[in-house]
Amino acid sequence: MRKDITVAAEVRTSRGKNEARRTRRAGQIPAVVYGAFQDPVSIAVSPREILKIVRSTTGFNTIFTLAIQGGESTPVMVVDQQVDPVKNTLLHADLKRIDLTKRIRVSVPVSTEGEPAGVKVQGGLLEIITRAVEIECLPDDIPEHFIVDVRELMIGQSKRASDIALSGSMKLTSAPETVIAHIVTLKVEAEPVAAEVAAPVAGATPAGEPEVIKKGKKEEEAAEKEKGKKK
């Protein structure tokens with residue numbers, strides 16, 4: 001999506017780590033602009049301006065004007081960035097020149113609206129499967145986002161990429177059958193089955209009690225019989 005934003009830039013005449021550090025100390029970051037069959041140009045830009053664009057609602061799909069001091073003024077998009085993993089500050093940016101007369105491929109966010117009937121009436125669950133789809137279109141036709149109405153969905157039904165309403169020069173490049181959202185049945189956990197208590201078997205030794213050893217008892221009975229015979 002093209003925005004009425006202009007970011008000023010200066011040409012960097014030298015490269016390397018030391019030059020990059022000096023650029024950052026001066027309150028700017030090193031960047032490069034390329035594309036549109038022109039030579040790449042090393043530049044310095046304001047990190048605050050670039051972050052404001054990247055973090056806007058249109059994000060990386062924002063087309064803005066890059067005005068290079070003493071050079072070109074051209075529409076561009078941010079296509080890549082390098083961020084400090086500790087300080088979370090912007091270190092470098094890649095910008096691409098955009099030819100407004102040629103189609104480009106972009107990823108567009110997708111969101112849903114409405115409470116599905118399958119949730120409200122059937123007690124199902126709405127699952128979001130895909131949050132962005134790819135389209136091809138002219139730069140001026142890039143949408144901020146797509147909204148899919150899911151109010152009619154019942155359990156087992158879904159909305160797919162092919163259900164997204166396109167306009168102008170837009171053409172879907174994601175697989176048409178890609179599921180955006182669907183309604184599923186809530187999973188109910190099975191109740192634990194109580195362990196059955198086994199009935200005691202007649203003649204069995206009760207659990208926890210030692211088994212009676214009968215060998216010694218038989219020997220005592222034999223000894224008593226021998227004593228009786230002698231008498």
Side-chain angles (χ1 to χ4, degrees), residues 1-9 29-68 71-83 85 88 90-114 126-150 153 158-182:
M1 177 177 287
R2 185 153 53 147
K3 293 291 185 72
D4 186 18
I5 300 172
T6 299
V7 175
I29 59 167
V32 62
V33 57
Y34 61 89
F37 303 103
Q38 298 182 47
D39 293 333
V41 178
S42 296
I43 57 175
V45 294
S46 165
R48 183 176 298 179
E49 294 295 325
I50 299 300
L51 282 175
K52 188 185 298 182
I53 291 170
V54 171
R55 294 173 179 175
S56 68
T57 54
T58 49
F60 285 91
N61 289 342
T62 306
I63 298 175
F64 60 98
T65 301
L66 180 71
I68 301 177
E72 63 182 306
S73 182
T74 182
V76 298
M77 294 173 65
V78 180
V79 293
D80 198 9
Q81 61 177 348
Q82 182 182 350
V83 178
N88 199 33
L90 189 61
L91 300 177
H92 188 277
D94 287 355
L95 311 178
K96 183 179 180 180
R97 299 183 186 95
I98 301 299
D99 185 340
L100 299 177
T101 65
K102 294 184 178 180
R103 301 167 68 89
I104 60 174
R105 181 174 294 191
V106 293
S107 178
V108 180
V110 180
S111 59
T112 62
E113 71 172 1
L126 172 66
E127 279 191 347
I128 306 299
I129 306 300
T130 303
R131 297 186 181 276
V133 295
E134 283 194 352
I135 65 168
E136 186 181 272
C137 64
L138 291 173
D140 285 334
D141 289 341
I142 299 174
E144 184 172 325
H145 61 272
F146 289 121
I147 299 178
V148 177
D149 191 337
V150 296
L153 293 184
S158 63
K159 286 287 186 178
R160 300 179 182 273
S162 57
D163 296 318
I164 295 175
L166 303 178
S167 61
S169 62
M170 299 178 197
K171 177 183 177 182
L172 183 69
T173 55
S174 288
E177 65 273 13
T178 300
V179 175
I180 303 300
H182 62 182

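The closest side-chain heavy-atom distance from Leu91 to Ile29 is not below 4.5 Å. Between Asp163 and Ile180, every side-chain heavy-atom pair lies at or beyond the 4.5 Å cut-off. Within the 4.5 Å cutoff, side-chain heavy atoms of Phe64 are placed close to those of Val76. Between Val32 and His92, the closest side-chain pair of non-hydrogen atoms falls below 4.5 Å. Looking at Phe146 and Leu166, their side chains come closer than 4.5 Å, going by heavy atoms from C-beta outward. Inter-residue side-chain proximity for Arg105 and Thr173 is flagged as met; some heavy-atom pair is nearer than 4.5 Å.
Evaluated for a side-chain contact (heavy atoms from CB on, under 4.5 Å) with Met77, the options Asp94, Thr62, Leu95, Ile98 yield exactly one hit, Ile98.
Taken to the nearest 0.5 Å, the NZ atom of Lys96 stands 12.0 Å off from the OG1 atom of Thr74.
For Thr57 and Glu144, the side-chain atoms include at least one donor-acceptor pair closer than 3.5 Å.
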Less than 3.5 Å apart, which donor and acceptor atoms pair up between the side chains of residues 126-135 and the rest of the protein, not counting sequence neighbours?
| residue | atom | partner | partner atom | Å |
| --- | --- | --- | --- | --- |
| Glu127 | OE1 | His182 | NE2 | 2.9 |
| Thr130 | OG1 | Val179 | O | 2.7 |

Only distances under 3.5 Å count here; give the side-chain donor-acceptor pairs of residues 39-46 to other protein atoms, sequence neighbours excluded, each with its distance to 0.1 Å.
| residue | atom | partner | partner atom | Å |
| --- | --- | --- | --- | --- |
| Ser42 | OG | Arg15 | NE | 3.1 |
| Ser42 | OG | Arg15 | NH2 | 3.1 |
| Ser46 | OG | Arg48 | N | 3.3 |
| Ser46 | OG | Glu49 | N | 3.4 |

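Within the 3.5 Å criterion, the main-chain N or O of Gly35 finds a donor-acceptor partner in the side chain of Arg97. The backbone N or O of Ser169 sits less than 3.5 Å from a side-chain atom of Asp141, completing a donor-acceptor pair.
For Thr101, the side chain to side chain donor-acceptor pair (under 3.5 Å) partners two or more places apart in sequence, or in a different chain, are Asp99. Scanning for side chain to side chain donor-acceptor pair (under 3.5 Å) contacts around Asn61 gives an empty result, with sequence neighbours left out. Taking the side chain to side chain donor-acceptor pair (under 3.5 Å) definition, one finds that Ser56 meets it with Thr58, sequence neighbours left out. Under the salt bridge (charged side-chain N to carboxylate O under 4.0 Å, His left out) criterion, Arg160 pairs with no residue, sequence neighbours left out.
Residue-environment remark: NZ (Lys52) stays at or below the threshold of 12 foreign heavy atoms within 6.0 Å.
Nearest heavy-atom pair, Arg2 versus Asp140, reported as atom, atom and distance to 0.1 Å: NE-OD1, 2.9 Å.
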